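By convention in this document, chain letters (A, B, ...) are assigned in the order of the sequence lines, proteins followed by strands, and residues within each chain are numbered from 1. Note that this is a predicted model, so its numbers are computed, not measured. Heavy-atom basis, side chains included; hydrogens, waters and symmetry copies ignored.
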Amino acid sequence: MHMFNSVRQVVKEQLDHKDLIFRMASFDIKGMYQLHYLGSLWQVINPAIQVSIYWFVFGLGIRGGEPVQTSTGEIPFFLWMLMGLIPWFFISPSIIQGSNSVYQKVNMVSKMNFPVSLLPTIRIIGNSLQFFILMTLLMIVLFFYGFTLTIYFIQIIYYIISMFAFLFAFALLSSTISTLIRDYQMLLQSMVRMILYLSPILWDPAGGRVPDWMADVLQLNPIYYIIEGFRDSFLGRGWFFEDPLYLIYFWTLTLTILVIGSSVHLKFRKNFVDYL
Amino acid sequence: MKKQLKVEFKNVYKAFEMHAKQKEKLMELFSIERRKQRREFVAVKDVSFKVYEGESVGIIGLNGSGKSTISNMLARVIQPTSGEITINGETSLIAISAGLNNNLTGIENIQLKCMMHGLKDEEIERLTPDIIEFAEIGDYIKQPVKNYSSGMRSRLGFAISVHTDPDVLVIDEALSVGDSTYAQRSLEKMNEFRERGKTIFFISHSAAQVKQFCDTAIWIHYGEMKMMGDSGEVQKEYQKFINWFNKLSTKEKRAYKNKMLASQTSTPDNELVPRKENIKKRNTKNLVTSGVMLSIVAVLGVLLGLGY
């Protein structure tokens, strides 16, 4: 199928250089924290501070400590929020840094025989270390709360894959646009801040406080799909294939972004330096 | 034995937009406004040459004559506006801004850059001691690069690039920061390179250095190739020009410069760059695919949004 040639080429570049991606990501992490006294401990301290403030404002301040009602029973807001916030702590910087990665590094990279399409991926992989650490910590917290996981938890693998696929496609398209049009990066940063509140992270849009049609429209946001998927896995609310329309919507959207992203990337990458 | 052709420039032009507002850039991107009132600065004008393996070529010229544009095109950092560039093999560009990560140590930078050049782990391990020795950095190699002096930084950059074993080495004024002992050792390294059949481009505004390092020289004068030949001859002519120029009065000098710069400005009435018309082939296939997929997403989105 010739129409997916550009997708194939870009994906092949990632697979051919997977060792390089992982090692450059680890150098990135090293370089980031080398000057800090607490070093990579900041990978945990930073989110911990944010978690406590969100919990204070939304959990205590707004909800008054009331637990969240789900289809499988009650759950403390703190746990419910963490299940959405931890993926978000990975998604949000990956989108912003991934989009900025080409602009930031193309000057250095263009002097060598190095596929530019790896740059967004390196950022995503670099951020994923923190994600997996936080996920492990979440499991520990759940254990102390006496929370039991069900068989539904295995589908978290599917949702992690979905999240990576979406981030890869989005960062690829976004990094090209961001290099050509700098205003886009600014816009993106505000949008990401907005998406935090439009996703089921700090409050539950399906919880009956807003009209149903609004909750339905909010679903169109692909991050909604990912976050709800994580919760489905933890809370055992249902399987990912039980809502085929939503599944097909998410994957066609991701694939569309990937097709557009890779053809635009390949079209402009030779001239990236001219646009700096 | 016939020598292998390494680098060929065929009628190469490079033009940069003048006074390009950000908005105009965007318009051009989507080709809304096709070259109507564009003014361009032609930094490189109709340059053609051939260089074979084992040759070292010096490129000399005044400031702003287009030397660095040529070196960037040699390193494939930028693409020519018109014309063809053929390069057989890997190029490595050494410039003063070496592109090191300031937060990482010298050792880590060596590993990172070698990796990015596509070297294997064993090769990197083998090369690292050589690089450290050549860069003459000593114990500082374990320090973050941000603590380095500018000389150390560029020596490290040079050492890494030389040891990654490129087929074509482009050196852009990089040796001017080192002291003379370092320049001497770099010269030895370059000679070793040539013996192994590699090609070197040496970009400098110092004609003496070019004569010392290279057999052939190219004199770039306000974007045009004024002369190519034996480096001694070129140096003589270049020096002649410099002497003539220096004798001019300040006013004459300015007039000369303005005249030359004017000759590099391309306007729509006076196009200096030959462009093939209608080279823009739109890839409609991709457009159609994207359109079809977007409409599927839209339909699914409407269904979802209506709460099905």
Side-chain angles (χ1 to χ4, degrees), chain A residues 1-6 17 19-20 23-24 27-28 30-35 105-114 118 180-183 212-213 215-220 243 245-246 248-260 262-264 266-268 270-275, chain B residues 16-17 22 25-26 29 72 75-79 81 90-95 97-105 108-109 111-113 115-118 120-121 144 146 161 164 166 170 283 285-308:
Chain A
M1 286 217 287
H2 56 258
M3 60 186 189
F4 293 116
N5 267 348
S6 39
H17 296 87
D19 291 350
L20 189 60
R23 299 199 41 198
M24 289 199 47
F27 273 116
D28 261 5
K30 256 192 214 168
M32 217 182 308
Y33 294 104
Q34 208 151 47
L35 307 175
K105 292 250 169 92
V106 74
N107 233 335
M108 173 178 159
V109 159
S110 58
K111 294 185 179 68
M112 12 190 147
N113 188 13
F114 179 94
L118 302 190
L180 303 178
I181 308 167
R182 279 313 281 167
D183 306 52
D212 277 353
W213 67 268
D216 285 335
V217 171
L218 286 180
Q219 280 197 350
L220 296 181
D243 191 354
L245 177 64
Y246 205 10
I248 295 169
Y249 168 77
F250 175 81
W251 283 104
T252 25
L253 179 68
T254 304
L255 197 63
T256 308
I257 296 175
L258 186 63
V259 168
I260 300 175
S262 29
S263 51
V264 174
L266 292 179
K267 185 172 172 199
F268 286 109
K270 277 190 158 185
N271 298 315
F272 274 152
V273 176
D274 284 340
Y275 289 100
Chain B
F16 294 102
E17 304 263 329
Q22 214 59 21
K25 246 190 201 174
L26 193 67
L29 203 65
N72 278 332
R76 283 182 275 209
V77 175
I78 54 176
Q79 307 292 319
T81 312
E90 293 290 315
T91 330
S92 186
L93 172 69
I94 301 170
S97 53
L100 303 168
N101 184 335
N102 280 334
N103 289 336
L104 295 175
T105 67
E108 286 166 340
N109 265 298
Q111 289 174 349
L112 183 65
K113 285 207 89 179
M115 238 158 62
M116 289 170 79
H117 276 289
K120 298 263 179 315
D121 282 354
K146 69 183 182 89
S161 302
T164 52
V170 184
N283 196 344
K285 250 176 223 151
N286 266 336
L287 228 60
V288 171
T289 314
S290 315
V292 169
M293 295 182 71
L294 273 176
S295 17
I296 296 176
V297 172
V299 170
L300 289 168
V302 167
L303 285 177
L304 211 63
L306 290 176
Y308 280 94

Option that, when pairs with chain B are counted at under 4.5 Å, heavy atom only, ranks first among A:Y246, A:F272, A:F27
A:F27
Is the closest side-chain heavy-atom distance between A:T252 and B:M293 below 4.5 Å?
no
Does any backbone or side-chain atom of A:I257 lie under 4.5 Å from a heavy atom of chain B? Answer side chain, backbone, both or neither.
neither
Euclidean distance, B:L304 CG relative to A:L218 CG, rounded to 0.5 Å:
11.5 Å
Compare every heavy atom of B:M115 with every heavy atom of A:L20, then report the nearest pair and how far apart it is.
CD1-O, 3.5 Å
Would you name the heavy atoms of A:L220 and B:G301 that are closest together and state the gap between them?
CD2-O, 3.2 Å
Determine the option with the most heavy-atom pairs under 4.5 angstrom with chain A, choosing from B:I296, B:L294, B:T105.
B:L294
Quick check: do B:D121 and A:D19 have side-chain heavy atoms less than 4.5 Å from each other?
no
So, for A:T256 and B:S290, which heavy atoms are closest and what is the spacing to 0.1 Å?
CG2-O, 4.4 Å
